[in-house]
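When reading the values below, keep in mind they use all heavy atoms of this one structure, side chains included, and skip hydrogens, waters and symmetry mates. Owing to the predicted nature of the structure, the values given are computational and were not obtained by experimental measurement.
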Amino acid sequence: MFGVLLLVSVLSLVHPVPPPSAPPVVCRQCCDDLEPAEGSGEQPFMGGFNHVPEVRTYINMTILKGDKGDRGDRGTPGKPGHEGPPGARGPAGSKGSKGQAGLPGDPCKVHYSAFSVGRRKSLHSLESYQVLLFDTVFVNLDDHFDMFKGKFLCHIPGVYFFNINIHTWNFKETYLHIMQNDTERAIVYAQPSDRSIMQSQSLMLQLELSDEVWVRLYKRERENAIYSDDVDVYITFNGYLIKASVE
């Protein structure tokens, strides 16, 4: 029904408009409609119109406005704009919960080296130097102390502590050295006396692999000796690793 009303409204707005340059209508008689005589040379009568009437259409758009249509589809996103300046720093957040414990690490490798040996026999000086040998073992980890040679052999480079304890002989001099390889490092000395005493010496040494530490009795340029017996141990030699060079 709405379509019919719309069509009637449009047609009511359409009206003929005469051509702008149409010639005036010439008054003619009723007999002028007849065809001219053949051979007379006259043009046939066109009914007073030389041109087709021009029709112009005018539409009033205000009456054609319909209801508001549905919202169209969302368009494609535009290009991103320029980055803005950084904002102010926000407040600190609350402390998070404690995390889970990590996996256990590799155990540290601990290096050990220690010895403690004793001697139950006395020793007198000879024409040459003598290595002080021992016959009693208290501690000898991994056999780093060679009982046959009377020497400690370094298997783990690092810092070591060494100590020697001896008992002097009455009326005789006591003269020994703690040796590192062939170098004298510390002396153990006591003058001749009418009574015997205990004498001690200690030191720390930085050892490299295969270094040897031992005790040397001085040769017979002067009479010297150390005392011990089968009952008690008067002579002891001790050493142990303090810190390895490579952990």
Side-chain angles (χ1 to χ4, degrees), residues 108-247:
C108 296
K109 185 176 182 180
V110 181
H111 301 279
Y112 297 99
S113 182
F115 72 92
S116 180
V117 293
R119 179 183 175 96
R120 296 177 181 271
K121 295 180 181 180
S122 300
L123 183 64
H124 293 266
S125 60
L126 300 176
E127 296 300 327
S128 60
Y129 295 111
Q130 297 181 73
V131 177
L132 184 59
L133 299 177
F134 299 88
D135 50 34
T136 302
V137 176
F138 300 107
V139 174
N140 190 10
L141 296 182
D142 299 323
D143 293 326
H144 288 181
F145 189 88
D146 190 336
M147 294 295 291
F148 296 99
K149 293 182 178 181
K151 297 181 179 181
F152 170 77
L153 180 64
C154 177
H155 292 266
I156 305 171
V159 177
Y160 287 78
F161 174 82
F162 294 96
N163 166 261
I164 179 72
N165 298 285
I166 58 94
H167 191 278
T168 64
W169 198 297
N170 293 8
F171 304 106
K172 291 186 179 181
E173 191 176 39
T174 300
Y175 194 6
L176 303 96
H177 284 96
I178 298 177
M179 307 289 293
Q180 180 179 359
N181 300 322
D182 295 326
T183 303
E184 300 170 352
R185 291 302 188 188
I187 189 172
V188 184
Y189 181 78
Q191 292 180 337
S193 174
D194 59 351
R195 60 188 185 129
S196 62
I197 59 174
M198 293 295 297
Q199 200 77 332
S200 178
Q201 180 65 279
S202 301
L203 79 164
M204 288 190 295
L205 294 174
Q206 174 74 51
L207 301 185
E208 301 299 332
L209 186 66
S210 298
D211 278 354
E212 293 179 329
V213 179
W214 50 289
V215 180
R216 185 188 72 181
L217 183 66
Y218 202 78
K219 59 187 177 180
R220 184 179 291 171
E221 291 180 359
R222 16 185 193 203
E223 186 73 17
N224 75 91
I226 53 176
Y227 174 81
S228 188
D229 59 34
D230 295 337
V231 179
D232 297 311
V233 178
Y234 288 89
I235 304 168
T236 60
F237 184 35
N238 314 285
Y240 56 86
L241 174 66
I242 295 176
K243 185 179 186 299
S245 298
V246 180
E247 297 293 338

Subject >> Residues forming a side chain to side chain donor-acceptor pair (under 3.5 Å) with S228, sequence neighbours excluded >> reply: none

Subject >> Beyond-backbone contact of H124 with K172, side-chain heavy atoms, under 4.5 angstrom >> reply: yes

Original post:
So, the side chain of T168 versus the backbone of I197: is there a donor-acceptor pair under 3.5 Å, distance only?
Top reply: yes

Subject >> Student check: side-chain heavy atoms of K149 and V131 closer than 4.5 Å >> reply: no

Original post:
Mind checking whether L132 and F237 have side chains closer than 4.5 Å, heavy atoms only?
Top reply: no

**OP:** Would you name the heavy atoms of I164 and V188 that are closest together and state the gap between them?
**Re:** CG2-CG2, 3.5 Å

Original post:
Judged by modelled atom types alone, do S113 and D142 share a side-chain donor-acceptor pair under 3.5 Å?
Top reply: no

Original post:
Sequence neighbours excluded, which residues qualify as side chain to side chain donor-acceptor pair (under 3.5 Å) partners of N140?
Top reply: none

Original post:
Can you tell me if CG on D182 sees more than 12 non-hydrogen neighbours from other groups inside 6.0 Å?
Top reply: no

Subject >> Minimum heavy-atom distance between I235 and K121, given as atom pair plus value >> reply: CD1-O, 4.0 Å

Original post:
If you draw a 6.0 Å radius around OH in Y112, do more than 12 non-hydrogen atoms from other residues or ligands fall strictly inside?
Top reply: no

Original post:
Do V246 and P157 have side-chain heavy atoms sitting under 4.5 Å apart?
Top reply: no

Original post:
With sequence neighbours excluded, what pairs up with F161 under the ring-ring contact (aromatic ring centres under 6.0 Å, His included) test?
Top reply: Y240

Original post:
Considering only heavy atoms from C-beta outward, does the side chain of Y234 approach that of N165 to under 4.5 Å?
Top reply: no

Original post:
Between F115, F138, W214, which is the residue that forms a ring pair (Phe, Tyr, Trp, His ring centres under 6.0 Å) with F145?
Top reply: F115

Subject >> Any L153 side-chain heavy atom under 4.5 Å of D146 side chain >> reply: no

Original post:
Short question: side chain of Q199, backbone of I166 - any donor-acceptor pair under 3.5 Å?
Top reply: no

Subject >> Check: D135 side chain, R120 main-chain N or O, donor-acceptor pair, under 3.5 Å >> reply: yes

Original post:
Taking atom CE of M198 as the centre, does the number of heavy atoms from other residues, nucleotides or ligands within less than 6.0 Å exceed 12?
Top reply: yes

Subject >> Y160-F152 aromatic ring centre distance below 6.0 Å >> reply: yes

